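Read through the structure below, which is laid out as structure tokens, and then see the notes.
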Amino acid sequence: EEVNDTALAHKLFVKFYKNGYIDPRINIHLARMNYNHKNYKAVVTLLEKIPQSEVIKLSDKLLLADSYNGLGKSHESIPWLLNILNKKENHKKALEMLGASYEKIEDHNKALTVYKKLFAISSTNDKKNYAFKIALMYEKADNIEDAVKMYSKNISSYPQYIKNYKHLVA
């Protein structure tokens with residue numbers, strides 16, 4: 001890459017990796033390149049081969065968690081997302097992914113907690129989305145009374161957000 005030949009660098013990195021050499025820096029670099037091409041399986045394979053302690057940057061942990069989600073392995077994304085949140089409590093992207101991961105594994109109460117936190121820390125523009133998600137998690141957890149209250153509150157607060165109406169009358 002020093003001579004500005006990214007394609008050559010990529011070929012050399014791949015050859016290095018395929019020959020069985022492991023260098024966390026190269027694995028991480030290859031994982032980033034594969035992530036940009038949505039090759040989630042390669043990302044997971046590359047990053048699983050190195051010690052977790054070598055995956056230091058939050059952005060790399062996030063791309064690994066997102067790759068697990070992209071492969072339908074939400075259970076495996078959760079520890080990485082929690083690790084990110086232990087270091088940066090209000091990391092919005094990690095919280096969004098964590099809420100979605102909990103939804104996918106049908107842990108609606110944990111998803112509800114995450115969406116409440118996102119609602120609390122978000123700007124005005126994003127609040128309507130998280131308010132809807134909160135109501136939806138109540139509904140999915142069969143807490144119909146709280147779901148109806150939240151959908152009604154959302155309609156008052158965000159009258160243009162049609163999703164609340166659809167769920168309230170359903």
Side-chain angles (χ1 to χ4, degrees), residues 24 28 31-32 34-48 50-170:
I28 289 169
R32 289 176 188 153
N34 279 285
Y35 181 79
N36 290 335
H37 295 288
K38 298 189 185 308
N39 188 352
Y40 301 128
K41 186 175 181 181
V43 172
V44 169
T45 300
L46 285 159
L47 294 181
E48 281 181 338
I50 60 175
Q52 288 186 11
S53 61
E54 294 289 333
V55 184
I56 296 169
K57 288 187 177 179
L58 295 183
S59 60
D60 293 331
K61 292 177 183 188
L62 196 64
L63 71 87
L64 179 57
D66 195 31
S67 295
Y68 277 125
N69 281 331
L71 294 172
K73 297 180 176 184
S74 296
H75 277 94
E76 295 182 50
S77 72
I78 292 170
W80 289 98
L81 295 167
L82 292 173
N83 181 283
I84 293 167
L85 293 167
N86 281 335
K87 292 175 179 33
K88 191 172 179 189
E89 183 180 349
N90 291 333
H91 192 291
K92 190 173 176 185
K93 183 69 174 165
L95 284 165
E96 288 172 342
M97 289 173 60
L98 184 62
S101 294
Y102 283 138
E103 267 191 85
K104 286 178 186 171
I105 65 169
E106 298 184 6
D107 192 333
H108 306 299
N109 290 323
K110 286 185 180 175
L112 177 64
T113 301
V114 172
Y115 291 133
K116 284 180 177 180
K117 181 168 186 161
L118 278 162
F119 181 84
I121 66 170
S122 293
S123 67
T124 305
N125 292 338
D126 294 334
K127 284 195 180 288
K128 66 182 177 190
N129 297 320
Y130 301 124
F132 172 76
K133 287 285 197 176
I134 291 167
L136 185 62
M137 290 307 101
Y138 281 132
E139 182 180 342
K140 286 184 175 184
D142 290 326
N143 185 343
I144 303 305
E145 185 178 329
D146 284 339
V148 169
K149 285 179 189 175
M150 192 67 189
Y151 286 129
S152 298
K153 182 179 175 184
N154 292 348
I155 288 169
S156 295
S157 300
Y158 315 104
Q160 303 299 322
Y161 202 63
I162 302 300
K163 286 182 177 183
N164 290 296
Y165 295 95
K166 288 180 181 178
H167 280 263
L168 187 59
V169 298

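All values reported here derive from a predicted model rather than from experimental measurement. Values below: all heavy atoms of this structure, side chains included; hydrogens, waters and symmetry mates excluded. This chain uses plain numbering: 1 for the first residue, then up along the sequence.
- No more than 12 heavy-atom neighbours from other residues, nucleotides or ligands sit within 6.0 angstrom of NZ on Lys153.
- Taking CD1 from Ile84 and OG from Ser77, the interatomic distance works out to 9.5 Å, rounded to the nearest 0.5 Å.
- Interatomic distance, Phe132 CZ to Ile155 CD1, rounded to the nearest 0.5 Å: 10.5 Å.
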Go through Tyr138 and Ile144 one step at a time and tell me if the side-chain contact (heavy atoms from CB on, under 4.5 Å) criterion holds.
-> CA-CA 7 Å; Tyr138 281 132; Ile144 303 305; over 6 Å; no
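- Counting heavy atoms from C-beta on, the side chains of His108 and Asn143 never come closer than 4.5 Å.
- In this structure, Val43 and Ala31 approach most closely via the heavy-atom pair CG2-O, 3.3 Å.
- Formation of a donor-acceptor pair under 3.5 Å by the Asn154 side chain with backbone atoms of Ala131 is found in this model.
- Considering all non-hydrogen atoms of both residues, Gly70 and Tyr40 come closest at CA-CD1, 3.8 Å.
- With contacts defined as side-chain heavy-atom distances shorter than 4.5 Å, the pair Met150/Glu139 does not qualify.
- Counted by atom type alone, Asp66 and Tyr35 present one or more donor-acceptor pairs between their side chains at under 3.5 Å.
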Test log, rule side-chain contact (heavy atoms from CB on, under 4.5 Å), inputs Gln52 and Trp80 | CA-CA 10 Å; Gln52 288 186 11; Trp80 289 98; 3.6 Å; yes
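- A donor-acceptor pair shorter than 3.5 Å cannot be found between the side chains of Asn86 and Asn83.
- Looking only at distances, no side-chain donor or acceptor of Tyr115 sits under 3.5 Å from a matching main-chain atom of Lys110.
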Residues Lys140, Glu103; criterion salt bridge (Lys or Arg N to Asp or Glu O under 4.0 Å); working and verdict = CA-CA 9 Å; Lys140 286 184 175 184; Glu103 267 191 85; 3.4 Å; yes
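- Inter-residue side-chain proximity for Tyr68 and Pro79 is flagged as unmet; no heavy-atom pair is nearer than 4.5 Å.
- Listed by chain and residue number, Lys117 satisfy the salt bridge (Lys or Arg N to Asp or Glu O under 4.0 Å) test with Glu89 (two or more places apart in sequence, or in another chain).
- Within the model, atoms CD1 of Ile78 and OG of Ser101 stand 5.0 Å from one another, a figure rounded to the nearest 0.5 Å.
- You'll find the side chain of Leu95 stays beyond 4.5 Å of the side chain of Leu81, heavy atoms only.
- There is a side-chain donor-acceptor pair under 3.5 Å between Asn129 and Tyr161.
- Counting heavy atoms from C-beta outward, Ser59 and Leu63 have side chains that stay 4.5 Å or more apart.
- Note that CD of Gln160 is 9.0 Å distant from NZ of Lys128, once rounded to the nearest 0.5 Å.
- Interatomic distance, Leu47 CG to Ser67 OG, rounded to the nearest 0.5 Å: 7.5 Å.
- For the residue pair Ala141 and Asn109, the shortest heavy atom distance occurs at CB-OD1, 4.1 Å.
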Apply the test side-chain contact (heavy atoms from CB on, under 4.5 Å) to residues Lys57 and Arg32: give CA-CA distance (whole Å), side-chain angles for both, the deciding distance (0.1 Å), then the verdict.
-> CA-CA 12 Å; Lys57 288 187 177 179; Arg32 289 176 188 153; 3.5 Å; yes
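- Closest of all the heavy-atom pairs between Glu54 and Ile28 is O-CD1, 3.6 Å.
- Residues Ser122 and Asp126 share a closest heavy-atom pair of CB-CB, 3.9 Å.
- Among all heavy-atom pairs drawn from Ala65 and Met97, the shortest one is C-CE, 3.7 Å.
- Side-chain contact check for Val114 versus Leu118: some heavy-atom pair is nearer than 4.5 Å.
- Applying the ring pair (Phe, Tyr, Trp, His ring centres under 6.0 Å) criterion to Tyr151, with sequence neighbours excluded, gives His167.
- The closest side-chain heavy-atom distance from Lys73 to Lys104 is not below 4.5 Å.
- Note that CG of Asn90 and NZ of Lys92 are 11.0 Å apart. Values are rounded to the nearest 0.5 Å.
- Geometric assessment of Lys127 against the ring of Phe119 yields a positive cation-pi assignment under the 6.0 Å and 45° thresholds.
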